[in-house]
Amino acid sequence: MHGESELEPAVELARRHDEKVLVEEFVTGMEVECGVLGNRQPPPIASLPGRIDTLDHEWYDFSSKYDEDGMELIVPPELPQETIERVQQLSVDAFIASECEGMARIDCFVRDDGGVVVNELNTIPGFTATSVYAKLFEASGIPYPELLNRLIDLAVERHERRSKLEY
Ligand SMILES: Nc1ncnc2c1ncn2[C@@H]1O[C@H](COP(=O)(O)OP(=O)(O)O)[C@@H](O)[C@H]1O
Ligand SMILES: [Mg+2]
C-alpha cells in the first residue's frame with residue numbers, strides 16, 4: 001500500500017481470503033532474518049543474521065521469494081556489531097518466549113535508528129540446502145549435514161524428555 005486510498009480495496013481483497021484482517025504500521029528499514037537452533041537446555045543459539053535484498057522487487061513478495069534471481073541474501077548484513085548482536089538476542093528471546101524447540105527463523109526489521117522490530121517467527125522455515133535457514137547456518141560455521149545431525153539430536157532429546165511426562 002502507498003496511501004490511504006488503497007486501504008479499503010486492500011481490506012476488501014484480504015476479506016475474500018479470511019474473516020480476520022490484520023492492518024499493521026509500515027516499518028521502514030532493513031529486512032533481516034536470523035536462524036535459531038536448540039531446545040531448552042543448553043540454550044538455543046542464533047545464526048548470523050542475513051539481509052534480504054529484493055533486487056528489482058518493491059518488497060519481499062511471492063515472486064521475490066520464489067523466482068530465480070528474485071532475491072539475494074547478504075550474510076552478515078552491513079550493520080554495526082552491536083545491532084547484529086541485538087538481532088541475535090531478540091531472535092533467541094522470541095524463540096524462547098514462543099516456546100519453540102528445534103528450529104525457527106526469526107524475521108526482523110532494523111529501523112534506521114538501529115531499533116529492531118521482530119516481524120515474524122517461522123516455526124517451519126523453508127528447509128532445503130539452499131533455503132535461507134540453511135544458508136545462515138552455513139555462513140555461521142554449521143554446514144547443512146551437521147545442521148541435519150543437530151536437528152535430529154534435538155528431536156531425540158525433546159522426545160526423550162517429553163516421554164517421561166505422566167499423562
Ligand atoms: N509491517 C510491515 N512493514 C513493512 N513491510 C512489511 C510489513 N509486514 C510485512 N512486510 C513485508 O511483506 C513481506 C511478507 O510479510 P510477512 O509478514 O513476512 O509474511 P509471509 O512471509 O508469511 O508472507 C515481509 O517480508 C516484508 O517485506
Ligand atoms: Mg516472512
Side-chain angles (χ1 to χ4, degrees), residues 1-38 44-80 82-140 142 144 147-148 151 154:
M1 271 205 9
H2 304 88
E4 216 177 311
S5 63
E6 292 180 37
L7 180 61
E8 220 179 282
V11 171
E12 215 165 279
L13 175 65
R15 276 204 189 286
R16 301 219 303 256
H17 298 280
D18 210 320
E19 293 174 345
K20 189 173 181 177
V21 174
L22 187 67
V23 179
E24 300 179 355
E25 171 198 340
F26 183 84
V27 182
T28 41
M30 185 188 287
E31 196 161 356
V32 297
E33 303 193 342
C34 185
V36 179
L37 176 69
I45 57 164
S47 71
L48 282 171
R51 172 170 73 84
I52 304 291
D53 184 341
T54 58
L55 304 173
D56 52 350
H57 297 263
E58 187 185 6
W59 58 290
Y60 198 26
D61 60 2
F62 189 87
S63 67
S64 175
K65 278 183 194 176
Y66 299 109
D67 285 359
E68 188 88 16
D69 301 324
M71 60 83 82
E72 209 175 297
L73 185 72
I74 289 96
V75 194
E78 312 85 336
L79 289 169
E82 61 173 313
T83 311
I84 288 179
E85 284 170 16
R86 175 138 184 78
V87 170
Q88 291 177 310
Q89 186 58 55
L90 267 178
S91 297
V92 169
D93 290 350
F95 185 96
I96 292 170
S98 309
E99 298 184 7
C100 292
E101 294 198 65
M103 65 174 172
R105 197 193 70 232
I106 319 299
D107 300 347
C108 304
F109 297 107
V110 179
R111 295 187 196 265
D112 294 340
D113 65 3
V116 180
V117 178
V118 174
N119 174 42
E120 190 193 19
L121 205 147
N122 297 278
T123 51
I124 308 282
F127 196 64
T128 66
T130 58
S131 294
V132 169
Y133 186 83
K135 284 185 182 162
L136 291 174
F137 274 106
E138 184 98 44
S140 310
I142 303 181
Y144 198 55
L147 187 58
L148 292 176
L151 282 164
L154 288 167

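Just follow the structure's listing: the first ligand is 1, and inside any ligand the first atom is 1.
Between Glu24 and ligand 1, at least one pair of N/O atoms sits closer than 3.5 Å. Not a single N or O atom of Phe26, backbone or side chain, sits closer than 3.5 Å to an N or O atom of ligand 1.
Of all heavy-atom pairs between Glu33 and Val132, the closest is OE1-CG1, 3.4 Å. Between Ala134 and Tyr144, the shortest heavy-atom contact is CB-CD1, 3.7 Å. The nearest pair of heavy atoms linking Leu37 to Phe137 is CB-CZ, 3.6 Å. Closest heavy-atom contact between Val21 and Ala14: CG2-CB, 3.9 Å.
Its N, O or S atom nearest to the Mg ion (ligand 2) is what matters here, and for Glu120 that atom is OE1.
Closest to atom 18 (O) of ligand 1, if we only count protein heavy atoms, is Glu120 OE1, 2.8 Å. The protein heavy-atom contact nearest to atom 3 (N) of ligand 1 is Val27 N, 2.9 Å. Counting only heavy atoms of the protein, atom 11 (C) of ligand 1 lies nearest to Trp59 CE3, 3.9 Å. Nearest non-hydrogen protein atom to atom 27 (O) of ligand 1 is Glu31 OE1, 2.7 Å.
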Item to complete: Walk me through it: do Val75 and Lys135 pass the test side chain to side chain contact (heavy atoms under 4.5 Å, CB included)?
Response: CA-CA 9 Å; Val75 194; Lys135 284 185 182 162; 5.7 Å; no
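Contacts between Asn119 and ligand 1, counted as non-hydrogen atom pairs separated by less than 4.0 Å, involve the side chain only.
How far OG of Ser91 is from CD1 of Ile96: 11.0 Å, rounded to the nearest 0.5 Å.
The shell of residues lying under 4.0 angstrom from ligand 1, judged by heavy atoms, includes Phe109.
Counting the atoms of ligand 1 from 1 in the order shown, those under 4.0 Å from a heavy atom of Lys65 are 20 (P), 21 (O), 23 (O).
Judged by distance alone, with hydrogens and angles left aside, the side-chain atoms of Ser140 form no donor-acceptor pair with the main-chain N or O of Ser47 at under 3.5 Å.
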